[in-house]
Amino acid sequence: MCWTRRHGRTRGQRVSNFSTRVSTRVRKIDGGDKMAENQSDANGSLKTYDEHVPEIKFTKLFINGEFVDSVKGRTFETIDPRNGEVTARVAEGDKEDVDLAVKAARQAFDHGPWPRMPGYQRGRIMSKFADLIEENIDELAALDTIDAGKTFSMGKAVDIPHAATCLRYYAGAADKIHGEVLKMSRELHGYTLLEPVGVVGHIIPWNFPTSMFFMKVAPALAAGCTMIVKPAEQTPLSALYYAHLAKKAGVPDGVINVVTGFGPTAGATITSHMDIDMVSFTGSTEVGRIVMQAAATSNLKQVSLELGGKSPIMIFDDADLDTATDLALIGIVYNKGEICVAGSRVYVQEGIYEEFEKKLVAKAKAWPVGDPFDPNVQQGPQVNKKQFEKILSYIEHGKREGAMLLTGGERLGTKGYYIQPTIFTNVKEDNVIMKDEIFGPVMSLMKFKTVEDAIKRANDTRYGLAAGIVTKNIDVANTVSRSIRAGVIWINCYFAFDNDCPYGGYKTSGFGRDLGLDALHKYLHVKSIVTPLYNSPWL
């Protein structure tokens, strides 16, 4: 989820291309461009655009460099959320398949070339992998569109390019992994080595199938690890394609294995497997607890968890209203709200609240929802029927608990899983829609009086993943950013991810970091080596 563009910018010039791109679109719509808004046919169904739908080439498990059927021969359906129809049947991996994948990964780690080759050579293969991704950008973006409902245009502009840049970032780090010489207090020479942790199990979510794949796989590859990747059962298609490209790039057999299947079977086997050295998981807090328990009761494997969020955006009286409303809207509707750092709690200082609410509601009503292949659409369908119904049930909770619905709250069309951007106000801090992670385009909008009030209410959550601050006052920005218990704070921006910027949470949002060199180091063990010094003239 690193939304910066590589081409035409130096490292120092990087900005959040995602925020710039979507903010421009918001202003365009606010000015009266409603061409794409909720386009429907005569039957009330949203128009569909099928010219970009790709051929499904890979549906089998990828183990030890080969595509294979599952041991039991089972398959499961993957569904197109635009219409609820079956896209493909994919191999359903189970315990026996995970065992085979782990065996291949263990062999590749203990006896294969990947952890033993120079980091520079690993980096060259990873760079080739990135080149192949860019060569197949249309097909990869289309797979995530028909699997996850992600907009095709943003997939091409953001998600797939991010996969390539993320690989290149860690490719550049692969030959810079080293320990340090220690200044010992007596006649000893000491130094440290950084060694790959071993076989890693990656369990990735359905909301960003490409970005999450590489946020985990890229640093683990650079470190010299081997791995088993279990993509979400809702979105398995692009992960299998990436396995194909990895082999084509020269990644040795057994280094990357992809086992598609379900959490209670394939996922549970990974977390409890006695021959997996580490698990990196992104998903819900509830499942994160299960992952930790399984790791603890098996071989006490290392665990990294990026879990749920209920992120606040605090907008102060001195904020520019256009910028503030753009950021607030983007914070909840991007990727249809299916993003762990969605700005679902928006606090606006009372001096600008009324005007802010009016502008925000107008922009939300104009936000274009429809087929994600339509280039004018900014919001596609929710990932599947279960998530669609869950979001609608939370909207009904909000109504029953007395919150005021300002806009949205309904499904769009008669086919597919489309939901209107939804904004509630007059929400109490103990309401369900304020406390729970909805994972959909549903915002709670509240007013506050003082800086202290904003800080207290923003921190009143069990989560601590991200937060946004909109103000022109550097003192306010500094005070609030240091007071909020969250892993990422964005000031006068939102979703400002970058490959070099660590990302992760506080509290029940998990621990461990993705992105940046912190992510590389979590896949490395520190080993200390000490030898005596005899007759040394100095220590």
Side-chain angles (χ1 to χ4, degrees), residues 1-7 16-22 24-25 36 46 48-58 78-83 87-88 129-167 204-215 217-218 231-232 234-245 282 330 333-340 342 367-384 416-418 441 495 497 499:
M1 294 187 297
C2 180
W3 294 298
T4 56
R5 293 299 295 276
R6 179 176 61 90
H7 303 291
S16 176
N17 183 68
F18 164 75
S19 296
T20 304
R21 174 188 171 96
V22 180
T24 301
R25 179 62 183 160
L46 297 183
T48 58
Y49 296 72
D50 291 332
E51 60 268 26
H52 294 291
V53 174
E55 174 191 358
I56 308 302
K57 298 177 180 176
F58 306 105
T78 181
I79 304 297
D80 186 340
R82 301 177 306 145
N83 49 36
T87 299
F129 193 179
D131 293 342
L132 291 172
I133 289 170
E134 290 180 334
E135 291 173 14
N136 293 275
I137 188 169
D138 281 29
E139 191 168 1
L140 291 164
L143 288 175
D144 282 351
T145 296
I146 62 172
D147 239 5
K150 300 176 71 67
T151 58
F152 182 62
S153 60
M154 290 301 286
K156 288 182 64 176
V158 178
D159 290 45
I160 312 305
H162 164 248
T165 61
C166 190
L167 273 168
I204 61 177
W206 45 257
N207 57 330
F208 283 87
T210 287
S211 297
M212 287 293 178
F213 185 99
F214 287 98
M215 285 169 66
V217 166
Q234 298 88 345
T235 54
L237 297 178
S238 60
L240 294 170
Y241 203 113
Y242 290 124
H244 160 70
L245 294 181
T282 294
I330 292 165
V333 297
Y334 178 64
N335 205 50
K336 351 85 170 224
E338 293 173 346
I339 179 168
C340 45
W367 189 251
V369 182
D371 189 292
F373 282 114
D374 181 346
N376 295 304
V377 158
Q378 290 289 344
Q379 180 182 324
Q382 309 307 136
V383 71
N384 62 11
Y417 309 126
Y418 299 89
F495 298 140
F497 292 92
N499 286 322

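One-based numbering along the sequence shown.
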Derivation and outcome, side chain to side chain contact (heavy atoms under 4.5 Å, CB included), residues E55 and E139: CA-CA 9 Å; E55 174 191 358; E139 191 168 1; 5.5 Å; no

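- We find the CG-NZ distance between L140 and K156 to be 11.5 Å, quoted to the nearest 0.5 Å.
- One finds the NE2 atom of H162 at 9.0 Å from the CG atom of L167 (value rounded to the nearest 0.5 Å).
- The line from CE of M212 to CH2 of W206 is 11.0 Å long, rounded to the nearest 0.5 Å.
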Discussion item. Could you walk me through whether I56 and I146 satisfy the side chain to side chain contact (heavy atoms under 4.5 Å, CB included) test, starting with their C-alpha distance in whole Å, then the side-chain angles of each, then the deciding distance to 0.1 Å, before giving a yes or no?
Written reply: CA-CA 10 Å; I56 308 302; I146 62 172; 3.7 Å; yes

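- With sequence neighbours left out, Y241 forms a ring-ring contact (aromatic ring centres under 6.0 Å, His included) with F58, H244.
- Residues that satisfy the salt bridge (Lys or Arg N to Asp or Glu O under 4.0 Å) test with D371, not counting sequence neighbours, are R82.
- For Q382, the side chain to side chain donor-acceptor pair (under 3.5 Å) criterion is met by E338, not counting sequence neighbours.
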- Task: Tell me, with the steps shown, if M215 and F208 meet side chain to side chain contact (heavy atoms under 4.5 Å, CB included).
- Result: CA-CA 10 Å; M215 285 169 66; F208 283 87; over 6 Å; no

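- The ring-ring contact (aromatic ring centres under 6.0 Å, His included) test applied to F213 returns Y242, not counting sequence neighbours.
- A distance of 12.0 Å separates CD of E134 from CG of L245, quoted to the nearest 0.5 Å.
- By the side chain to side chain donor-acceptor pair (under 3.5 Å) test, T145 pairs with no residue at all, sequence neighbours left out.
- With sequence neighbours left out, T78 forms a side chain to side chain donor-acceptor pair (under 3.5 Å) with D147.
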V383 vs N207, side chain to side chain contact (heavy atoms under 4.5 Å, CB included): CA-CA, chis, key distance, verdict
CA-CA 8 Å; V383 71; N207 57 330; over 6 Å; no

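- Residues forming a salt bridge (Lys or Arg N to Asp or Glu O under 4.0 Å) with E135 (at least two apart in sequence, or on another chain): none.
- Under the rule for a side chain to side chain contact (heavy atoms under 4.5 Å, CB included), the partners of P209 that lie at least two apart in sequence or sit in another chain are D144, A148, K150, T235, S238.
- Partners of F152 according to the ring-ring contact (aromatic ring centres under 6.0 Å, His included) rule, which considers only residues two or more places apart in sequence or in another chain, are H52, F373.
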